[in-house]
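Notes follow the structure.
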Amino acid sequence: MSMFDFISIGKWFEGIINWLREHAAFIFDTISMLVRGLLGGFQSILLAVPALVLVVAFAALAWWIAGRGMGIFGLLGFLLIMQMNLWRQTMQTLSLVITAVVFALIIGIPVGIWASKSDKVQNVVRPILDFMQTLPAFVYLIPAVLFFRLGPVPGVIATLIFSLPPAVRLTNLGIRQVPLEIKEAALSFGATPRQMLIKAELPVALPTILAGVNQTIMLSLSMVVIAGMIGAGGLGNEVLKGITQLRIDVGFESGLAIVILAIYLDRLTQALGNSTQKK
Amino acid sequence: MAAIEIRDLYKIFGANPQRVFPMLEKGMTREEILDKTGNTVAINGVSFQIEQKEICVVMGLSGSGKSTLIRCLNRLVEPTRGDIFVDGKNIMEMNKHELLQMRRKTMSMVFQNFGLLPNRTVVDNVEFGMEVGGMEKEQRRKKAMDALSVVGLQGYEESYPHELSGGMKQRVGLARALANDPEVLLMDEAFSALDPLIRSQMQDELLDIQARLHKTIVFITHDLDEALNLGDRIVMLGPDGKIRQIGTPEQILSEPADDYVEAFVQNVDRTKVLTASTIMHRYPTITLPREGCSAAVRTMEKSTVSSVLAVDGDRRLLGIVTIEDAVEMRKQKERDIMKIVRNDLFTTRKETSIYDLLATAIETQYPIAVVDDNGKLMGAVDRATIMGEVNKLTDDEASPTVLSELDNGSEEVVRNEA
């Protein structure tokens with residue numbers, strides 16, 4: 001027992017969490033409802049459409065955005081997932097990712113814009129983002145479970161917190177990197193701050209912002225698997241099953257499905273970023 | 001009324017700039033103030049006027065505050081002290097709304113590195129100013145197209161900036177600035193990023209456009225040749241952020257105000273800047289038909305020249321009479337002097353540069369007559385003066401050496417080695 005026992009940081013944090021649970025429950029209920037609604041929506045759409053139709057649609061989308069190679073990859077990849085009987089879990093995981101990414105962007109891009117406009121905001125936001133990114137991913141699961149119990153909702157929340165930083169960082173960076181002369185030109189022609197943002201800064205920063213979106217998606221995908229531990233469902237659940245029951249086949253198959261989904265999402269969003277990139 | 005009047009303008013960068021003024025009054029230099037306070041004095045009490053429809057070039061080396069100065073004119077940079085009147089209105093007293101309106105209607109700016117939006121096509125870039133000003137799509141498209149044809153970019157409307165060369169990008173920048181028909185164009189080192197050939201081509205085109213559109217143009221440059229070529233008047237800024245001299249290119253060259261300006265202009269090719277008007281002089285004339293060949297001979301004898309220029313009653317140039325022809329005619333008692341008036345002499349305008357007169361001056365045996373738009377004689381330039389002017393520029397050490405001298409030199413070298 002040390003003499004600094006009275007400063008138990010862990011205990012303090014626990015205290016804060018408990019206080020929030022008691023006094024801010026309505027906030028968490030509202031968030032929970034929003035997440036559940038969106039997630040349910042995506043999931044029911046993705047699962048309502050016949051799998052084969054979706055496979056063809058995904059492949060066509062990839063072909064259109066990222067070229068023929070990705071189109072073929074998408075077709076074969078998603079057919080393989082079907083063959084492995086992991087279609088349902090994959091679509092669940094995809095819904096979790098999409099939901100988390102939507103919220104991450106809704107929060108992250110405006111915060112990034114705000115940070116780009118003010119050094120003070122940037123100085124406050126930056127250490128928070130560092131903290132969010134370096135804290136081991138599993139740690140997010142604890143407060144998520146405490147506030148939102150078990151299931152997909154805390155899974156989405158933990159995922160969104162984990163994947164938020166690149167959206168903020170790259171939006172901030174992208175806008176700060178807009179050449180001074182472009183900003184001056186917009187100002188000199190009488191643009192208001194709002195016109196400056198919408199007509200000059202955001203379009204010029206778009207490739208960088210899309211790189212942030214790409215990273216957010218990739219981070220969500222990795223976190224969604226971890227969130228399987230708190231019952232988020234989807235492929236994470238299968239991976240967990242593989243680990244806990246030492247079933248190599250289940251573990252390998254679900255891992256493979258995650259890789260396919262990851263490559264698909266990554267290449268698609270990267271191609272989207274490149275197509276907007278003009279020197 | 002001047003288009004723009006700048007009165008006692010200061011811009012001091014850094015925290016708490018007001019504390020710098022007492023130091024400036026005490027006569028402390030820029031460097032001392034920077035050391036002591038960390039403040040940079042960019043513009044140090046500048047006052048001058050820019051006239052309607054002139055090209056006023058603000059010229060200075062980097063760090064002379066010229067880019068800051070031009071940004072004060074539309075308040076992209078907020079001046080620390082001083083007043084700027086545009087069309088008689090003090091822009092320092094404008095509120096946000098008035099300032100926006102001025103930027104949208106009265107002044108446009110062209111930037112060194114173009115400042116084009118990479119995600120927009122050429123025509124969308126040109127529309128930018130009118131778009132933020134809230135003009136209807138159809139109307140602004142039409143104006144943008146007109147502006148593009150002024151700068152010679154028809155057919156490139158749907159290109160993206162990265163597909164264009166530097167010179168073409170700056171044409172887009174110029175079209176964007178011209179599109180809304182502003183009174184004032186602010187051009188910040190507009191051609192400095194272009195390679196020399198394209199650069200002088202763009203200068204000529206700017207002069208061409210100016211001859212048609214008559215804008216008030218404030219042009220910033222660090223390049224003296226560009227300043228001399230474009231400027232109706234040149235404002236020379238010194239390294240201390242103060243004005244050293246204001247004047248026409250000829251005044252700057254022929255009467256530099258101080259050592260700084262003189263050092264600046266000494267390497268300029270004067271023949272390209274000095275014009276016929278600086279070196280032209282009165283030349284003996286005879287007025288026809290009032291005077292005949294006797295008068296012509298007498299005039300030539302009196303002024304010891306071998307020819308006279310013949311003019312009519314309104315001093316319009318008719319031709320030249322040589323001493324040989326006049327004497328011959330007098331011998332033959334011929335009466336009609338018109339028969340010996342030669343019209344194969346060269347004429348020029350007073351704004352022609354000496355450089356452009358050189359070739360003709362070497363070729364012709366007569367003086368070159370300087371006439372105005374109506375053919376009226378203003379004076380004449382002869383070979384001697386042109387050659388004299390060119391000679392002033394000759395660097396004695398670089399000029400050719402006589403062969404005999406060269407031989408002596410080499411013998412010396414040989415001896416030394418032995």
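Proteins get letters first, then strands, A, B, ... in listed order; numbering begins at 1 in each.
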Relative to chain A, which segment of B:L186 carries a heavy atom at a distance below 4.5 Å: side chain, backbone, both, or neither? neither
Residue part contacting chain A, namely of B:Q101, when any heavy atom lies under 4.5 Å: neither
At a 4.5 Å cut-off on heavy atoms, which part of A:Q195 comes close to chain B: side chain, backbone, both, or neither? side chain
Proximity breakdown for B:N74 and chain A, heavy-atom pairs closer than 4.5 Å: side chain
Closest non-hydrogen contact found for B:N119 with A:P203 is ND2-CB, 3.0 Å
Does B:R212, at its CZ atom, have more than 12 non-hydrogen atoms belonging to other residues, nucleotides or ligands within less than 6.0 Å? yes
Is the number of heavy atoms from other residues, nucleotides or ligands under 6.0 Å of B:K137 NZ greater than 12? yes
Between B:M107 and chain A, with a heavy-atom cut-off of 4.5 Å, which part of the residue counts as in contact: side chain, backbone, both or neither? backbone
Applying a strict 4.5 Å limit to non-hydrogen atoms, the region of B:L100 in contact with chain A is both
Kindly indicate, with the supporting measurements, whether the criterion side chain to side chain contact (heavy atoms under 4.5 Å, CB included) is fulfilled by A:E184 and B:R71. CA-CA 9 Å; A:E184 282 191 328; B:R71 281 167 175 72; 2.7 Å; yes
More than 12 heavy atoms of other residues, nucleotides or ligands under 6.0 Å from CZ of A:R126: is that the case? no
Turns out that what part of B:R120 lies under 4.5 Å from chain A's heavy atoms comes down to side chain
Over 12 non-hydrogen atoms of neighbours within 6.0 angstrom of CD in B:E78: yes
Would you mind telling me which of A:K183, A:E181, A:M196 has the largest number of heavy-atom pairs within less than 4.5 Å of chain B? A:E181
Is it the side chain or the backbone of B:F111 that comes within 4.5 Å of chain A heavy atoms, both, or neither? both
With a cut-off of 6.0 Å (strictly less than), are more than 12 heavy atoms of other residues, nucleotides or ligands near OH of B:Y156? no
Looking at B:L116, B:V132, B:V110, which one has more heavy-atom pairs under 4.5 Å with chain A than the rest? B:V132
Taking everything shown except B:E136 itself, do over 12 heavy atoms lie less than 6.0 Å from its CD? no
Just so I understand: if I count every heavy-atom pair under 4.5 Å between each of B:L76, B:L117, B:L99 and chain A, which residue has the most? B:L76
Can you give me the closest heavy-atom contact between A:A185 and B:R176, atom names plus distance? CB-NH2, 3.7 Å
